[in-house]
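Quick note: numbers below take in every heavy atom, side chains included, and nothing from hydrogens, waters or symmetry partners. Owing to the predicted nature of the structure, the values given are computational and were not obtained by experimental measurement. Throughout, numbering of the chain's residues begins at 1 and tracks the sequence.
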Amino acid sequence: MGFAEQRFNVNLSILFTELPLLERPAAAAAAGFGAVELWWPWVGSPTPERSELDALKRAIEDAGVRLNGLNFYAGRLPGPDRGALSVPGEESERFRANIDVAADFAGSLGCGALNALYGNRVDGVDPAEQDALALQNLVLAARAADRIGAVLLIEALNKPESPLYPLVSAPAAVGIVDKVNEATGLGNARFLMDLYHLSMNGEDLPSVIERYASRTGHVQIADNPGRGAPGTGSLPLEELLDLLRKAGYDGWVGLEYKPGDRPSSESFEWLPRAAR
């Protein structure tokens, strides 16, 4: 099987960042890709001006690429934050203000997946309080995603790089998926399986794939160590993606790796152009 059997998209929040945001969709298209995904692009604003939303929508449409993944507002990302929805006070309010904005933007482009990063633990706040707030906000996000025919993604990160993030294993993230689905009855919450993060946590990746492929709504990859392109580390990514296909996953695979000290357009030599 191999890489040629997969459907890859490019995360424009970690690749092509040497270019202004509005130039990145066209750069991805020029590199041969037909689909892209994004973290929430306006780090400081969960509710940007309509003109900014419209400009990005036009850039994606004009490039002829499909948006098939978008994060809800997640605080300073890249940066110290790992989401906002479980953080009491202003950050939770900003997440709620963003829910319909992000869903409407995603829906206008036919995007079928919205990722909700859980957020870091906060000193002096009871984790149970944060978890209760998180469930409330995730229910709202799941309903908004359902309104546009999308899935809500819950992602496990890795403890070495995100020590305050509570979802640092596949079972922890899938447990939240189950709670959201039980609370909404919609069944549209799904696991985001990032093979880089799971490998950093030392998880048995073939076992994770076997257990959770059927619960997975999106997959992301980077090699480990280094979070670079496939082939720059030691992860058997081609074999792992084959296992995912055999386990029934036929969705998109997001390229969420660092290009290194070179233009992003030069970091795809591992993937034949015909397979992009």
Side-chain angles (χ1 to χ4, degrees), residues 13 39-40 42-48 69-104 106 113-147 150-194 197-198 200-203 208 212 215-218 220:
S13 298
W39 302 339
W40 184 248
W42 298 278
V43 174
S45 176
T47 56
L70 178 68
N71 281 23
F72 288 107
Y73 169 79
R76 292 164 293 175
L77 187 71
D81 298 330
R82 297 293 186 272
L85 62 92
S86 70
V87 180
E90 182 179 350
E91 279 300 271
S92 172
E93 292 170 5
R94 287 160 74 86
F95 177 82
R96 291 191 183 196
N98 173 251
I99 288 173
D100 282 334
V101 176
D104 289 344
L114 288 160
N115 185 24
L117 285 173
Y118 202 81
N120 288 328
R121 291 303 194 204
V122 179
D123 286 343
V125 179
D126 185 345
E129 178 186 340
Q130 285 196 254
D131 291 340
L133 176 64
L135 184 57
Q136 293 172 12
N137 284 333
L138 286 168
V139 165
L140 296 174
R143 289 173 178 159
D146 182 68
R147 174 171 59 80
V151 298
L152 174 72
L153 299 172
I154 309 294
E155 182 175 8
L157 301 183
N158 75 77
K159 192 171 184 63
E161 294 175 328
S162 304
L164 300 178
Y165 191 82
L167 308 183
V168 288
S169 72
V174 172
I176 299 300
V177 168
D178 290 342
K179 289 181 179 180
V180 174
N181 285 333
E182 182 180 359
T184 66
L186 296 172
N188 70 329
R190 308 281 283 174
F191 177 42
L192 195 167
M193 185 186 292
D194 186 309
H197 288 308
L198 299 178
M200 284 284 288
N201 287 327
E203 295 191 61
V208 168
Y212 299 123
R215 317 283 296 284
T216 297
H218 187 51
Q220 292 174 334

**Message:** Main chain of G187, side chain of R190: is a donor-acceptor contact present, judged purely on distance under 3.5 Å?
**Reply:** no
**Q130 side chain to N120 backbone, donor-acceptor under 3.5 Å** = yes
**Request:** Using modelled atom types only, decide if a donor and an acceptor are shared between the side chain of N201 and the backbone of A170 within a distance under 3.5 Å.
**Result:** no
**Item:** Nearest-0.5 Å distance, CG of residue D104 to CD1 of residue I99
**Value:** 11.5 Å
**Item:** Sidechain-backbone polar pair: N98 side chain, Y73 backbone, donor-acceptor under 3.5 Å
**Value:** yes
**Asked** Can you tell if the side chain of P46 reaches within under 4.5 Å of the side chain of V101, non-hydrogen atoms only?
**Response** no
**Item:** Shortest non-hydrogen separation from A156 to S169 and the atoms involved
**Value:** CB-O, 3.5 Å
**Prompt:** For the atom pair CE (M193) and CD (E203), what is the distance rounded to the nearest 0.5 Å?
**Reply:** 9.5 Å
**Message:** Between L138 and I154, is the side chain to side chain contact (heavy atoms under 4.5 Å, CB included) condition met? List the steps.
**Reply:** CA-CA 9 Å; L138 286 168; I154 309 294; 3.6 Å; yes
**Message:** Just to verify, what does D146 make a salt bridge (charged side-chain N to carboxylate O under 4.0 Å, His left out) with, not counting sequence neighbours?
**Reply:** none
**Message:** Using a 6.0 Å cut-off, check whether atom CD of E182 has over 12 heavy atoms from anything other than its own residue.
**Reply:** no
**Prompt:** Looking only at heavy atoms, what is the nearest atom pair of W39 and L70, with distance?
**Reply:** O-CD1, 4.3 Å
**Message:** To the nearest 0.5 Å, what is the distance between CG on D194 and OG1 on T216?
**Reply:** 11.5 Å
**Request:** Please report the shortest heavy-atom distance between F191 and L153, naming the atom on each side.
**Result:** O-CD2, 4.3 Å
**Prompt:** How about N71 and N115: does a side-chain donor come under 3.5 Å of a side-chain acceptor?
**Reply:** yes
**Complete:** Correct closest heavy-atom pair for L152 and A141 would be CD1-CB, 3.9 Å
**Prompt:** Salt-bridged, R143 to D100, with N to O below 4.0 Å?
**Reply:** no
**Fill in**
Smallest heavy-atom separation, V139 atom then A183 atom, equals CG2-CB, 3.7 Å
**Asked** Going from CG on D131 to NZ on K179, what distance comes out if it is rounded to the nearest 0.5 angstrom?
**Response** 6.0 Å
**Item:** Minimum-distance pair of heavy atoms, taken over all atoms of V122 and P88
**Value:** CG2-CD, 4.5 Å
**Within-4.5 Å side-chain heavy-atom neighbours: M200 and S162** = no
**Prompt:** Got E155 and L167 here, is their nearest side-chain heavy-atom distance under 4.5 Å?
**Reply:** no
**Prompt:** Does L192 offer a backbone N or O that forms a donor-acceptor pair with the side chain of Q220 under 3.5 Å?
**Reply:** no
**Request:** Taking W40 for its side chain and S45 for its backbone only, find out whether a donor-acceptor pair lies under 3.5 Å.
**Result:** yes
**Prompt:** Atom CZ in R121, atom CG in D126: separation rounded to 0.5 Å?
**Reply:** 8.5 Å
**Message:** Salt bridge check, R94 against E91: does any charged N sit closer than 4.0 Å to a carboxylate O?
**Reply:** yes
**Asked** How long is the gap from CG on L164 to CG on L157, to the nearest 0.5 Å?
**Response** 11.5 Å
**All side-chain contact (heavy atoms from CB on, under 4.5 Å) counterparts of A134, not counting sequence neighbours** = L85, S86, Y118
